[in-house]
A.B. asks: 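The following block contains the structure, expressed as structure tokens.
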Amino acid sequence: MDASQTDLTPGEIIGHVDCHSAYVSMHRVFEPKLIGKPVCVLSSNDGAVVSRSDEAKRLGVKISQPAFELRDLVDRHGLILRSSNFPLYDCCSNRVMKAISECVPEMAVHSVDEAWVRLSGMRGNLEEIGRQIQASVLKKTGIPTGVGISRNKTTAKLCNWASKKWKVKTGSVVALIERERFEKLLDYAPASEVWGIGARLTEHLSALNITTAGQLSRADPTFIRKHLGVTVERTVHELNWRQCFGFGEAPGPRKTLASTRSFGRRIRDLHSLEVAICFHSAKLCLKLRKQGSLASAVRVFINTSVFATIDARQNKSAGAVFIRPTSDTREFTEAAILLLRGIYRDGFDWAKAGIIVTETVSETGYIRDIFAPPERPKSAQLMKTIDTINRLGGPGTVRFGREPANRQLGVKHEFPSPKATTSWGEIINVK
DNA sequence: TCTGGGGTCCTAGGACCC
DNA sequence: TCTGGGGTCCTAGGACCC
């Protein structure tokens, strides 16, 4: 019965801030000539669109559209493409988050381009506070944002949706903290725009004659829980002005970690897959050490393309448990290679490979298995030394023999942008 | 020819135990 | 002809997010 909702804390005010066309805006900061032009950022391997400017949207470009369909727009309408540049986004994201946090008493990062802010108890007009956040982030980082302010996360996000829908009229800030005004928005907004309602749930809801956020808010929570699960029930409660999703202070270390990649071309031999697995292994062990975790369980997978014909399609995976959890690249790689050899089959066009650490434990304070083999001597010192060299000299400065020399793993990257934040040679020049 | 990567939470179902 | 029931743990898969 209980969906762990609580009645609204009196005076609770939650805001949601996100960057407009995040990746495109971040490229524009360092390449101002892109401002006002139709621009798309592509996924790794230049596969599909992950971010597009308003101008590109007006040309009809869709999120997730495959890049090869864009050629005509590039030739005839001047559409500009950029390959993704994750170090750049990390750097910009940190600056945006810092700028937001300087405006509010409490902030929680939600994703690379979104943050929650708690405005409860702040004095003054809420819409005005939203505009101040927006102006401050723009001034300090050059990134435009939208702000939605309401009573809980779900309603704040819906307000932010409205701020984009009526960008000009609202100046991309919408604050609705009275229920009556919010209900008008509920009846206008499609159910698919509610946070937590994706494509599949939209279909299910539609079959139940629920197509607007307002209809969803009036659905029977017990019925919803029975048919669509407890998460959607919580969403219904939140639309009804209750609070089910906590503000979410700083999250702990990640429980699962993954490193996966599609290859730029198909792979048909075990050796090439081993090279890729060694690359992922080194990357994951670095991630583990950075967050102070050890891997206690791991899974390796190899897949053919999802677009391959049925009989040419294979998804293979195998997992293992570490009796003594580890973040030592040598041990981890050995285990991963053994798993890979167990699942590899000749005669298929492998398109993607990866490793998922399915279970982690804290470096300090986990209980040792008395039958576990002893740790390799000086493991921690060796890993620390490697990490220090690679931090100073750049990723891949020192690596194990089986790791690939080319850290791109043959991925396509045809439309690079200046490495303005990571390379002295390409730093931006202000005249 | 060419269609991302990295997370989260929840649930169903099988294995196993007593 | 009869053929338990309930708990826990694990895994796979579904659904979501950005």
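All values below were derived from every heavy atom in this structure, side-chain atoms included, with hydrogens, water molecules and symmetry-related copies excluded.
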A.B. asks: Think A:Arg118 forms a cation-pi with A:Phe247, using NZ or CZ under 6.0 Å from the six-ring centre and within 45 degrees of its axis?
C.D. replies: yes
A.B. asks: Counting the atoms with a prime plus P, OP1 and OP2 as sugar-phosphate, which does A:Arg265 contact under 4.0 Å by heavy atoms, base, sugar-phosphate, or nothing?
C.D. replies: nothing
A.B. asks: Would you indicate which nucleotide in B:dT11, B:dG4, C:dC16 comes nearest to any side-chain atom of A:Val230?
C.D. replies: B:dT11
A.B. asks: Measuring to OP1 and OP2 of B:dT11, would you say a side-chain N or O of A:Lys226 lies under 4.0 angstrom away?
C.D. replies: no
A.B. asks: Tell me: CZ of A:Arg82 to P of B:dG4, nearest whole Å?
C.D. replies: 21 Å
A.B. asks: Strictly under 6.0 Å, is that where the ring centroids of A:Tyr188 and A:Trp166 end up?
C.D. replies: yes
A.B. asks: Side chain of A:Lys287: nearest nucleotide among B:dG7, C:dA12, B:dG5?
C.D. replies: B:dG7
A.B. asks: Indicate whether OP1 or OP2 belonging to C:dC16 is found under 4.0 Å from a side-chain N or O atom of A:Thr231.
C.D. replies: no
A.B. asks: Send over the distance from A:His110 NE2 to B:dG6 P, rounded to a whole Å.
C.D. replies: 18 Å
A.B. asks: What distance separates A:Asp54 CG from A:Arg52 CZ, expressed to the nearest 0.5 Å?
C.D. replies: 8.5 Å
A.B. asks: To the nearest Å, how far apart are A:Ile224 CD1 and B:dT11 P?
C.D. replies: 14 Å
A.B. asks: For the side chain of A:Leu201, starting at C-beta, report the closest nucleotide among B:dG6, B:dG7, C:dC16.
C.D. replies: C:dC16
A.B. asks: B:dG4, OP1 or OP2 - any side-chain N/O from A:Lys352 closer than 4.0 Å?
C.D. replies: no
A.B. asks: Considering only the C1' atoms, how many Å lie between B:dC16 and C:dG4, rounded to the nearest integer?
C.D. replies: 15 Å
A.B. asks: Examine B:dG4: is either OP1 or OP2 under 4.0 Å from a nitrogen or oxygen in the side chain of A:Lys412? Give yes or no.
C.D. replies: no
A.B. asks: Rounded to whole angstroms, how far apart are CZ on A:Arg234 and P on C:dC16?
C.D. replies: 16 Å
A.B. asks: Under 4.0 angstrom, heavy atoms only, what part of the nucleic acid is A:Asp18 near: base, sugar-phosphate, or nothing?
C.D. replies: nothing
A.B. asks: Which of the following nucleotides, C:dA15, B:dT8, B:dT3, is nearest to the side chain of A:Thr256?
C.D. replies: B:dT8
A.B. asks: What residue among A:Thr211, A:Asn240, A:Leu205 forms side-chain contact (heavy atoms from CB on, under 4.5 Å) with A:Leu216?
C.D. replies: A:Leu205
A.B. asks: Would you indicate what A:Ala22 reaches in the nucleic acid, counting non-hydrogen atoms under 4.0 angstrom: base, sugar-phosphate, or nothing?
C.D. replies: nothing
A.B. asks: Distance check needed: C:dC16 P versus A:His204 NE2, whole Å only.
C.D. replies: 9 Å
A.B. asks: If I take atom CZ in residue A:Arg200 and atom C1' in nucleotide C:dC16, what distance separates them, rounded to the nearest angstrom?
C.D. replies: 12 Å
A.B. asks: When you get a sec, tell me which of B:dT8, B:dG5, C:dA12 is the closest nucleotide to the side chain of A:Arg261?
C.D. replies: B:dG5
A.B. asks: Taking only N and O in the side chain of A:Ser84, is any of them less than 4.0 Å away from OP1 or OP2 of B:dG4?
C.D. replies: no
A.B. asks: Starting the side chain at C-beta, find the nucleotide from B:dG5, B:dC2, B:dG7 nearest to A:Phe68.
C.D. replies: B:dC2
A.B. asks: What is the distance, to the nearest angstrom, from the CG atom on A:Asp46 to the P atom on B:dG4?
C.D. replies: 12 Å
A.B. asks: Decide ring-ring contact (aromatic ring centres under 6.0 Å, His included) for A:Tyr23 and A:His27; before the verdict, give the C-alpha distance in whole Å, the side-chain angles of both, and the deciding distance to 0.1 Å.
C.D. replies: CA-CA 6 Å; A:Tyr23 292 171; A:His27 280 272; 7.8 Å; no
A.B. asks: Is the phosphate of B:dC2, meaning OP1 or OP2, less than 4.0 Å from a side-chain N or O of A:Arg266?
C.D. replies: yes
A.B. asks: Tell me which nucleotide, if any, is Watson-Crick or G-U wobble paired with B:dC18 when both distances must be under 3.5 Å.
C.D. replies: C:dG5
A.B. asks: Relative to the 5' end of DNA chain B, which residue comes earlier, A:Ala258 or A:Glu69, by the nucleotide with the nearest heavy atom?
C.D. replies: A:Glu69
A.B. asks: May I ask you to say what A:Ile356 touches in the nucleic acid, namely base, sugar-phosphate or nothing, with a heavy-atom cut-off under 4.0 Å?
C.D. replies: nothing
A.B. asks: Picking from B:dT1, B:dG4, B:dG6, which would you name as closest to the side chain of A:Arg71?
C.D. replies: B:dT1
A.B. asks: Could you label the plane-to-plane angle of the A:Phe86 and A:Tyr89 rings as parallel, tilted or perpendicular, counting under 30° as parallel and over 60° as perpendicular?
C.D. replies: perpendicular
A.B. asks: Parallel, tilted or perpendicular: which fits the ring planes of A:His110 and A:Trp195, with parallel below 30° and perpendicular above 60°?
C.D. replies: perpendicular
A.B. asks: Given B:dG4, B:dG5, B:dG7, identify the nucleotide with an atom nearest to the side chain of A:Val50.
C.D. replies: B:dG4
A.B. asks: According to a strict under-4.0 Å criterion, is A:Thr260 in side-chain N/O contact with OP1 or OP2 of B:dG5?
C.D. replies: no
A.B. asks: A:Trp116 CH2 to B:dT8 C1': how many Å, rounded?
C.D. replies: 14 Å
A.B. asks: Does A:Leu42 reach a base, just sugar-phosphate, or nothing at all? Heavy atoms under 4.0 Å.
C.D. replies: nothing
A.B. asks: Looking only at the side chain of A:Ser44 (C-beta and beyond, no hydrogens), which of the listed nucleotides C:dA12, B:dG4, C:dC16 gets closest?
C.D. replies: B:dG4
